[in-house]
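Below is one structure, written out as structure tokens; comments come after it.
As the structure is a prediction and not an experimental result, all values here were calculated from the model. Note that the numbering runs from 1 along the sequence shown for the chain.
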Amino acid sequence: MHSILIVDDEAGIRQILSRFLALPVYTLREAPDAETALAVMAESPADVVLCDIEMPGQGGLWLAAQLRQRFPHSAIILATAVDTIPPTTSFQPGIVEYLVKPFEKSRVLGAVTSAIAWREAELAKPPARTDGAARLEAWIDSDGKED
């Protein structure tokens with residue numbers, strides 16, 4: 001079972017997305033804004049966060065940056081009414097897909113499938129090593145000899 005958090009200031013959009021994603025393999029939660037979304041994520045991180053870019057208060061790009069820092073394994077799908085995404089936005093890690101309003105059910109389901117695949121690939125990666133760990137391994141490989 002995969003968890004999805006839908007973040008949009010418009011209740012109607014959240015309802016449509018919830019209807020599209022009402023499948024037994026998904027647990028759905030909703031948030032009307034970025035701050036509420038972070039509170040929901042703090043309680044139980046979602047596998048996928050589908051959020052609108054343009055929202056009152058903090059927008060979706062701000063939320064994406066916060067999610068990257070706090071929940072790096074959660075995949076992000078951004079939704080927008082604008083059909084062109086700035087290049088600086090598209091290169092942010094963890095932003096897996098973009099959806100353009102009005103939504104098509106098949107496109108939403110495809111984006112969520114891609115996001116789940118991204119998350120599973122991220123979780124399968126070995127943990128990043130710190131500089132200290134790399135130096136220790138190099139020292140061990142050199143039989144403990146100093147340079």
Step by step, would you call Leu61 with Ile53 a side-chain contact (heavy atoms from CB on, under 4.5 Å)?
CA-CA 6 Å; Leu61 296 178; Ile53 291 177; 4.2 Å; yes

What about Leu78 and Val40, same hydrophobic cluster or not, with Ile/Leu/Val/Met/Phe/Trp/Tyr joined at side-chain heavy-atom distances under 4.5 Å?
yes

May I ask you to decide if Ala46's main-chain N or O and Ser74's side chain share a donor-acceptor pair within less than 3.5 Å?
yes

Taking all atoms of both residues into account, what is the closest heavy-atom pair of Trp118 and Ala75, and its distance?
CE3-CB, 3.5 Å

Is the backbone of Asp33 close enough, under 3.5 Å, to the side chain of Asp9 for a donor and an acceptor to pair up by distance?
no

Applying a strict under-4.5 Å side-chain criterion to I, L, V, M, F, W and Y, I'd like to know whether Met55 and Leu67 cluster together.
yes

If you measure from OG on Ser18 to CD1 on Ile13, what distance do you get to the nearest 0.5 Å?
11.0 Å

Do Leu5 and Ile95 belong to the same hydrophobic cluster, where Ile, Leu, Val, Met, Phe, Trp and Tyr are linked whenever their side-chain heavy atoms lie under 4.5 Å apart, directly or via other members?
yes

Separation of Glu43 CD from Leu38 CG (nearest 0.5 Å)
11.5 Å

I'd like to know if Val96 and Val49 are part of one continuous hydrophobic network [Ile/Leu/Val/Met/Phe/Trp/Tyr, side-chain heavy atoms within less than 4.5 Å].
no

Walk me through whether Glu120 and His2 qualify under side-chain contact (heavy atoms from CB on, under 4.5 Å).
CA-CA 11 Å; Glu120 289 174 355; His2 296 283; 3.3 Å; yes

Roughly how far apart are Ile6 CD1 and Phe20 CZ, rounded to 0.5 Å?
10.5 Å

Counting only heavy atoms not in Glu35, do more than 12 sit closer than 6.0 Å to its CD atom?
yes

Starting at CZ of Arg19, measure out to NZ of Lys105 and round the result to the nearest 0.5 Å.
9.5 Å

Step by step, work out the side-chain contact (heavy atoms from CB on, under 4.5 Å) result for Ile4 and Leu17.
CA-CA 10 Å; Ile4 301 170; Leu17 291 170; over 6 Å; no

Under a 4.0 Å threshold between the charged nitrogen and the carboxylate oxygen, would Glu122 count as salt-bridged to Arg119?
no

Shortest non-hydrogen pair, Ala37 vs Leu63, comes out as CB-CD2, 4.0 Å

Rounded to the nearest 0.5 Å, how far does CD of Glu10 lie from NZ of Lys101?
5.0 Å

Report yes if some heavy atom in the side chain of Leu109 is under 4.5 Å from a heavy atom in the side chain of Leu23; otherwise report no.
yes

Which heavy atom in Pro45 sits nearest to a heavy atom in Ser3, and how many Å separate them?
O-OG, 3.7 Å

For Met1 and Pro24, which heavy atoms make the closest approach, and how far apart are they?
CE-O, 3.1 Å

Full working for side-chain contact (heavy atoms from CB on, under 4.5 Å) between Val112 and Leu21
CA-CA 9 Å; Val112 169; Leu21 297 167; 3.8 Å; yes

Does a side-chain heavy-atom distance below 4.5 Å link Leu50 with Leu99?
yes

If you measure from SG on Cys51 to CD1 on Ile77, what distance do you get to the nearest 0.5 Å?
9.5 Å

Would a single hydrophobic cluster contain both Val48 and Val25, if residues Ile, Leu, Val, Met, Phe, Trp and Tyr are joined by side-chain heavy-atom contacts under 4.5 Å?
yes

Please report the shortest heavy-atom distance between Arg14 and Ala31, naming the atom on each side.
CD-O, 3.5 Å

Are side-chain heavy atoms of Phe71 and Ile76 found at a separation under 4.5 Å?
no

